[in-house]
Amino acid sequence: MASLNAIAQRLVEPGKGILAADESEPTIAKRFAAIGLPSTEQLRRDYREMLFRARDAMREHISGVILTEETLLQHAADGTAFRALLADCDVIPGIKVDRGAFPMPGSDGEKITEGLDGLRPRLVHYASLGAGFAKWRGVITISSTTPTRNGIRANAHALARYAMLCQEAGIVPVVEPEVLADGEPGDHSIARCEEVTAETLETVFKELRLAGVDLSGMLLKPNMVLAGTRCAEKPAVEEVARRTVDTLLGHVPAAVPGIAFLSGGQSDEEATAHLSAMNAIGGLPWRLTFSYGRALQNAALVLWKGRAENLKRAQDAFAHRVRMNALASLGQWQPDLDVAA
Ligand code: 13P
């Protein structure tokens, strides 16, 4: 298990974090539609190539990139394999291995993530292609009737089975139980999110232990403790940081080397501010960093619009977000750094 721990440690190296670029086809189609583009294989390649070729930011501050199978096997426009581009930046390739979240049988609005069938040989294949880590996302929805005990347990159980299969294949599992902030109805309070996140993490670690997962060879990718996006009251940055850290301290064993948050629909700057405030608290048993999708890509996507002449500006915007979050991973981000830029 020493090598799993070594990979996990590298992924959360000080001043670095993970880029989540593993949008499924329906999700990337939605992102492209918002900028008036169809989702074609070539545009998906061009877009991700734009990100991966932001070389300085990638080299200095990105430890790993989560890819889809398409991107893991894809080549840049000049024929260079994306895997070679990432290796040149000293970035570890990771792979999203779940098949998405589907309506859970017998439940009113809850989801269960699929993809365990046939996962063992797929992981062996991904490891042979150089994947050092993997991701599986379980989704927990807050409403007046959810989550149920059954919904939390089913998702935690799937995460644990996935994690053990990853470790067996020599791949670091990134375990992602996401309590949605932007689900339906999304008007829950921060206190409710805290309670559900605590129960979810408690259940996930119970299942991980039962499955025999080595906690030193995995990473956790949780939500921050936030109010729902449609809640009337917006908690201050310090409250989010405090409640998130307290919840993690209560339910995440110190053996876990690192926690890399998802951004979950926060604005770019909120995601950065929250991460920095948590790291500024200090004295935590695990490293805290980012594994953002939207909060790293939003600005670049909007500037890019699929046009070659916008490439440089889009890359600059992406590099800026990467640098701001790298500072946040050290607890050193200040709002004026963003304003000045
Ligand atoms: P967001 O940061 O956009 O929430 O995405 C992260 C991710 O990997 C979700 O599975």
Side-chain angles (χ1 to χ4, degrees), residues 1-23 48 51-55 57-76 80-98 115 119-137 159-176 208 211-222 255-262 286-293 296 322 325-326 329:
M1 291 292 175
S3 65
L4 288 174
N5 179 254
I7 297 169
Q9 297 281 2
R10 260 186 73 195
L11 287 167
V12 294
E13 218 172 272
K16 290 195 175 191
I18 297 171
L19 164 64
D22 61 323
E23 296 83 5
R48 287 165 175 151
L51 300 173
F52 302 162
R53 284 203 193 267
R55 193 165 185 279
M58 291 285 293
R59 262 198 88 80
E60 288 159 26
H61 301 300
I62 296 294
S63 56
V65 179
I66 315 173
L67 307 163
T68 62
E69 188 172 303
E70 176 183 274
T71 320
L72 180 68
L73 298 168
Q74 223 165 17
H75 293 73
T80 311
F82 275 162
R83 281 178 287 157
L85 268 189
L86 296 176
D88 179 53
C89 292
D90 214 14
V91 164
I92 304 174
I95 175 94
K96 186 241 296 293
V97 300
D98 68 65
L119 184 55
R120 179 177 272 144
R122 281 169 62 212
L123 286 166
V124 170
H125 177 58
Y126 297 142
S128 76
L129 293 170
F133 71 106
K135 174 190 119 171
W136 177 290
R137 173 173 173 259
L159 279 164
R161 275 187 65 195
Y162 140 83
M164 197 57 230
L165 282 165
C166 285
Q167 291 193 334
E168 190 185 271
I171 288 180
V172 169
V174 172
V175 172
E176 181 180 7
L208 289 169
V213 172
D214 173 7
L215 301 185
S216 73
M218 63 161 275
L219 295 177
L220 179 69
K221 175 164 174 165
V256 174
I259 297 177
F261 292 98
L262 59 97
W286 355 254
R287 296 205 51 77
L288 295 187
T289 191
F290 56 91
S291 175
Y292 296 161
L296 283 174
V322 168
N325 285 300
S329 76

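Residues Val175 and Ala163 approach most closely at CG2-CB, 4.1 Å, considering heavy atoms. Nearest heavy-atom pair, Arg10 versus Ser63, reported as atom, atom and distance to 0.1 Å: O-CB, 3.5 Å. When all heavy atoms of Val322 and Phe290 are compared, the closest pair comes out as O-CZ, 4.4 Å. Nearest heavy-atom pair across Leu86 and Pro93 is CD1-CB, 4.4 Å. For the residue pair Gly217 and Val172, the shortest heavy atom distance occurs at O-CG1, 3.7 Å. Here the closest heavy-atom approach between residue Leu220 and residue Val256 is recorded as N-CG1, 4.3 Å.
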Inset, instruction - Verify side chain to side chain contact (heavy atoms under 4.5 Å, CB included) between Arg53 and Thr80, making sure each step is shown before the conclusion. - result: CA-CA 11 Å; Arg53 284 203 193 267; Thr80 311; 4.2 Å; yes
Inset, instruction - Begin with the C-alpha distance, continue with both residues' side-chain angles, and end with the deciding distance and a verdict on salt bridge (Lys or Arg N to Asp or Glu O under 4.0 Å) for Asp22 and Lys135. - result: CA-CA 9 Å; Asp22 61 323; Lys135 174 190 119 171; 2.6 Å; yes
Legend entry - Worked check of side chain to side chain contact (heavy atoms under 4.5 Å, CB included) between Val91 and Val65: CA-CA 7 Å; Val91 164; Val65 179; 3.5 Å; yes
Inset, instruction - Test Ile62 against Cys89 for side chain to side chain contact (heavy atoms under 4.5 Å, CB included), laying out the working first. - result: CA-CA 9 Å; Ile62 296 294; Cys89 292; over 6 Å; no
Legend entry - side chain to side chain contact (heavy atoms under 4.5 Å, CB included) between Gln167 and Ile171, intermediate numbers included: CA-CA 5 Å; Gln167 291 193 334; Ile171 288 180; over 6 Å; no
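The CG atom of Leu73 lies 11.5 Å from the CZ atom of Phe82; values are rounded to the nearest 0.5 Å. In this structure, Lys96 NZ and Ile66 CD1 are separated by 8.5 Å, a value rounded to the nearest 0.5 Å. Rounding to the nearest 0.5 angstrom, the gap separating the CD atom in Glu60 from the CG atom in Asp90 is 12.0 Å. For the atom pair CG of Leu296 and CG of Leu51, the computed distance is 9.0 Å after rounding to the nearest 0.5 Å. Summarising the geometry, atom CE belonging to Met218 is positioned 13.5 Å from atom CZ belonging to Phe133; distances are rounded to the nearest 0.5 Å. Rounding to the nearest 0.5 angstrom, the gap separating the CD1 atom in Ile95 from the OH atom in Tyr126 is 4.5 Å.
Under 3.5 Å, the side chains of Ser291 and Lys221 contain a donor-acceptor pair of N or O atoms.
Under the salt bridge (charged side-chain N to carboxylate O under 4.0 Å, His left out) criterion, Arg120 pairs with Glu168, sequence neighbours left out. Legend: residues meeting salt bridge (charged side-chain N to carboxylate O under 4.0 Å, His left out) with Arg55, ordered by chain and number and at least two apart, are Asp88.
Asn5 places a side-chain N or O within donor-acceptor distance of the main-chain N or O of Ser216, the cut-off being under 3.5 Å. Of the possible donor and acceptor atoms, one in the side chain of Thr289 sits under 3.5 Å from a partner among the backbone N and O of Lys16. With hydrogens and angles ignored, the 3.5 Å screen pairs a side-chain donor or acceptor of Arg287 with a backbone N or O of Val12. With hydrogens and angles ignored, the 3.5 Å screen pairs a side-chain donor or acceptor of Tyr162 with a backbone N or O of Val174. The backbone N or O of Leu72 sits less than 3.5 Å from a side-chain atom of Arg83, completing a donor-acceptor pair. Judged by distance alone, with hydrogens and angles left aside, the side-chain atoms of His61 form a donor-acceptor pair with the main-chain N or O of Gly15 at under 3.5 Å.
At least one side-chain heavy atom of Leu123 sits less than 4.5 Å from a side-chain heavy atom of Val97. Within the 4.5 Å cutoff, no side-chain heavy atoms of Glu176 are placed close to those of Trp136. Between Phe52 and Leu19 the shortest side-chain heavy-atom distance falls below 4.5 Å.
For Phe261 and Tyr292, the distance between ring centers is not under 6.0 angstrom.
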